[in-house]
Enquirer: 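Handing you this structure, nothing more for now.
So you know, we letter chains A, B, ... as the sequences are listed, proteins then strands, and number each from 1.
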Amino acid sequence: MKKEKFIYPTKRDEHVNNIFDSFIQKTIFKNKIMLQSGYTPETIQHRENQIKQVASILAPSLRVEKPSNLFIYGLTGTGKTLVIQYVKNQLLRKAKEQKIELIIPYINCKLRKVADTEYRILAELIKKLGGKVPATGLPTDQLYHKLIEIIDTKKQILILVLDEIDQAVGKIGDEFLYNFTRLNTELTKTQISIIGISNDLKFLDNLDPRVKSSLSEEEILFPPYNALQIKDILKERSKEAFKEGILGEGIIEKCAALAVRDHGDARKALDLLRIAGEVVERENKDKITLDYIDKAKEKMESDIVLNSIETQPRQFQLTLFSIIQLIKIYKKEKEERRLFTGDVYDYYLDTCKKTKISSLTQRRVSDIIAEFDMLGIINAKTISNGRYGRTREIRLDLPEELIEKIEKNLINSLGI
DNA sequence: CGAGATTCATGTGAAGTATACCTTTAGGCTTAA
DNA sequence: AAGCCTAAAGGTATACTTCACATGAATCTCGTA
């Protein structure tokens, strides 16, 4: 056995310290939270009208009367969630002042494994109200009883905010909304109003008429921001978020322009700014220049997708992996070849065999493909090839580099 | 040549199964009177 | 006898499977012009 050469520790320690120093040293942010998506600023620009409308609709709650149900829709990044949070905070403050019992739970229906079935939405709601509910095992209607039990203890108003409600309905149907709206008839003291928030402008159209009429007693549309408005918002927030002199010339204009091209998505503009800042910081520079915005744009798009893929279950990842591999193979071929469900399933089975992962049936994989389509990661269209059957044509409309990254990630997490 | 029948490959709905977890209940054991 | 613990019984939600039928246009078939 060889004896290791002893290294005197202090030298090394110093070295380590120096490395970290360089990370801690500089920060170009003054208050980064201002740019993060969950942040609710003191004043909200260019949404005065919507705030007023929401406020006037919810105002009766301060007289302990049930406000109308409200349906809010508009594209992503048009300030829907922001306005609701803002009004919610104001409302709660006022209610506290006047000693009025008012609860406004907020649930995001999109979160997988948290609120994507009727049971789980209910469970989440009860949890928010301080109750405890097991993840499985109870009949759903018992959860309703439990909810009623918790709520109906005193005279109060409950305004339930269901964000990304279109996602939930797309997955589990609209029956649960009907149940929610009917809940009031079972309650004696408490009254419930529902606020539904949707990114899908056509969401109301395919809703059961009964649900539709009761959910959208009031409707508010959030139009996209225009370039000037986004610029205002960015200016306002970046003033607080960054230290002086960090933003180079034309940065805000560029972010705004990019976001406007993408249907006036303010969240995107803010993310761009924040991510650009993070990249600059990581590279130890002290000024955000235009090319950092481009970098941020790429990074952002890939981050969103990568993140949503990482959290998928194993079988979903395996399916996606199969799709990516096949797309790659097909691309190398001379003739254009389209990708169908059957091909994916065959490749999937192969991969399962090789990696000794148990395989699902085609029925299930078909559903998984449909779910990926819903997530927008792939693009699947059912087509009929006439004599040669009916299937889904699967496409992957993502940039080349991103696909590479996804592939790497998948190989990594699947251990292939 | 054209209308209607056929065909294929898979979409899709319904019902069934496995699993994980819940509550209820009956039985057994302990304990205190 | 009352109280407490445990394990079995009976129930549910969820993810998945099984079964069976639905789809829809290219192709085939066959009667007719």
Side-chain angles (χ1 to χ4, degrees), chain A residues 107 109-150 167-180 206 208 308-323 326-327 330 335-353 355-375 377-396 413-414:
Chain A
I107 292 179
C109 304
K110 193 185 178 180
L111 300 174
R112 178 163 240 288
K113 287 276 183 188
V114 176
D116 60 353
T117 67
E118 178 173 17
Y119 184 92
R120 300 216 258 240
I121 290 173
L122 264 170
E124 183 66 16
L125 175 57
I126 290 174
K127 218 169 83 192
K128 286 241 157 92
L129 296 172
K132 276 210 173 133
V133 176
T136 168
L138 292 186
T140 305
D141 54 337
Q142 200 161 317
L143 286 206
Y144 279 107
H145 287 307
K146 180 140 189 175
L147 177 64
I148 291 169
E149 203 176 285
I150 291 177
Q167 297 279 332
V169 170
K171 210 166 166 194
I172 57 176
D174 51 18
E175 206 168 320
F176 79 98
L177 281 176
Y178 182 67
N179 291 337
F180 271 122
N206 343 316
D208 184 315
S308 70
I309 290 171
E310 244 166 57
T311 55
Q312 296 292 330
R314 206 185 182 73
Q315 296 287 1
F316 282 59
Q317 294 188 348
L318 206 57
T319 308
L320 187 61
F321 177 75
S322 306
I323 293 172
L326 285 174
I327 293 256
Y330 285 8
E335 279 176 55
E336 188 126 334
R337 190 163 157 202
R338 300 190 292 170
L339 181 59
F340 302 121
T341 305
D343 309 331
V344 174
Y345 188 65
D346 288 344
Y347 194 96
Y348 164 84
L349 281 184
D350 263 14
T351 319
C352 281
K353 221 182 243 168
T355 55
K356 291 184 181 151
I357 295 172
S358 59
S359 59
L360 301 177
T361 50
Q362 177 154 341
R363 178 72 185 79
R364 181 65 186 140
V365 172
S366 173
D367 280 349
I368 290 176
I369 290 173
E371 281 197 48
F372 273 128
D373 186 33
M374 283 248 295
L375 282 173
I377 291 171
I378 65 171
N379 216 312
K381 203 167 85 186
T382 64
I383 50 163
S384 176
N385 285 326
R387 181 74 170 63
Y388 305 105
R390 222 165 88 93
T391 180
R392 277 201 184 89
E393 185 188 339
I394 299 162
R395 287 182 308 139
L396 206 53
S413 72
L414 289 169

Enquirer: Nearest whole Å is fine: how far is B/dT10 C1' from A/D343 CG?
Expert: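 Whole-Å distance recorded here is 12 Å.
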Enquirer: Is a donor on one side and an acceptor on the other found under 3.5 Å between the side chain of A/R392 and the backbone of A/S366?
Expert: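 The answer is yes, because a donor-acceptor pair under 3.5 Å joins these two groups.
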Enquirer: Rounded to whole Å, please give me the gap between CG in A/D373 and C1' in B/dG11.
Expert: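 Computing the A/D373:CG to B/dG11:C1' distance gives 13 Å.
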Enquirer: Are the side chain of A/T351 and the backbone of A/Y347 linked by a donor-acceptor contact shorter than 3.5 Å?
Expert: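 Yes.
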Enquirer: Report the C-alpha distance between A/Y348 and A/Q315 in whole Å, list the side-chain angles of each, state the deciding distance to 0.1 Å, and finish with yes or no for side-chain hydrogen bond (donor to acceptor under 3.5 Å, both in side chains).
Expert: CA-CA 10 Å; A/Y348 164 84; A/Q315 296 287 1; 2.6 Å; yes
Enquirer: What's the spacing between A/D350 CG and A/T355 OG1 if we round to 0.5 Å?
Expert: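 Reported to 0.5 Å precision, the distance equals 10.0 Å.
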Enquirer: A/Y345 has an atom OH; how far is it from atom P of C/dC16, in whole Å?
Expert: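 In whole Å, C/dC16 P lies 13 Å from A/Y345 OH.
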Enquirer: Distances under 3.5 Å between protein N/O atoms and the N/O atoms of nucleotides 17-20 of chain C, please, pair by pair.
Expert:
| from | atom 1 | to | atom 2 | distance (Å) |
| --- | --- | --- | --- | --- |
| C/dT17 | OP1 | A/S359 | O | 3.4 |
| C/dT17 | OP1 | A/T361 | N | 3.1 |
| C/dT17 | OP2 | A/T361 | N | 3.0 |
| C/dT17 | OP2 | A/T361 | OG1 | 2.8 |

Enquirer: Select from A/P139 and A/I368 the residue whose nearest nucleotide in DNA chain C is closer to the 5' end of that strand.
Expert: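 Upstream on the strand: A/P139.
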Enquirer: Starting at atom CD of A/Q142, determine the distance to atom C1' of C/dG11, rounded to an integer number of angstrom.
Expert: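 Rounded to the whole Å, the gap is 10 Å.
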Enquirer: Tell me whether A/Q362 contacts the main-chain N or O of A/G342 through its side chain, where contact means a donor paired with an acceptor under 3.5 Å.
Expert: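 No, because the side chain of A/Q362 does not come within donor-acceptor range (under 3.5 Å) of the backbone of A/G342.
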Enquirer: Donor-acceptor pair, A/K171 side chain versus A/K110 backbone, under 3.5 Å?
Expert: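 Flag not set: sc A/K171 to bb A/K110 has no pair under 3.5 Å.
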Enquirer: Near DNA chain C, under 4.0 Å by heavy atom, which residues of residues 118-129 of chain A?
Expert: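 By residue number: A/Y119, A/R120.
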Enquirer: Tell me, do A/I394 and A/L326 make a side-chain contact under 4.5 Å, heavy atoms counted?
Expert: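 Counting from C-beta outward, A/I394 and A/L326 never come under 4.5 Å.
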Enquirer: Examine C/dA26: is either OP1 or OP2 under 4.0 Å from a nitrogen or oxygen in the side chain of A/S384? Give yes or no.
Expert: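 Checking A/S384 against C/dA26: no side-chain N or O falls below 4.0 Å of OP1 or OP2.
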Enquirer: In whole Å, what is the span from the CG atom of A/L138 to the P atom of B/dT23?
Expert: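 It works out to 6 Å between those atoms.
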Enquirer: Would you mind reading off the distance between A/I369 atom CD1 and B/dA9 atom P, rounded to a whole angstrom?
Expert: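 Result: 17 Å.
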Enquirer: In terms of heavy-atom contacts, does CD of A/E393 have more than 12 from other residues, nucleotides or ligands at under 6.0 Å?
Expert: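 Check passes, neighbour count above 12.
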Enquirer: Distance check: side-chain N/O of A/S366 vs OP1/OP2 of B/dG11, anything under 4.0 Å?
Expert: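 Checking A/S366 against B/dG11: at least one side-chain N or O falls below 4.0 Å of OP1 or OP2.
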Enquirer: What integer distance in Å separates A/D116:CG from C/dA15:P?
Expert: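 The distance from CG of A/D116 to P of C/dA15 comes to 7 Å, rounded to the nearest Å.
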Enquirer: Check every atom of C/dA26, B/dC21, B/dG11 against the side chain of A/T136 and return the nucleotide holding the closest atom.
Expert: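 Minimum distance to the A/T136 side chain belongs to B/dC21.
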Enquirer: State whether A/R392 places a side-chain N or O below 4.0 Å from either non-bridging phosphate oxygen (OP1 or OP2) of B/dT12.
Expert: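 So the side chain of A/R392 is within the cut-off, an N or O lying under 4.0 Å from OP1 or OP2 of B/dT12.
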Enquirer: Starting at OH of A/Y388 and ending at P of C/dT23, how long is that distance when rounded to a whole Å?
Expert: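 Nearest whole value for this atom pair: 23 Å.
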Enquirer: With a 4.0 Å limit, can you tell me whether A/T382 has a side-chain N or O closer than that to the phosphate oxygens OP1/OP2 of B/dT10?
Expert: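 Checking A/T382 against B/dT10: no side-chain N or O falls below 4.0 Å of OP1 or OP2.
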Enquirer: State, with a plain yes or no, whether a side-chain heavy atom of A/Y178 is found less than 4.5 Å away from one of A/D208.
Expert: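 A/Y178 vs A/D208: side chains apart.
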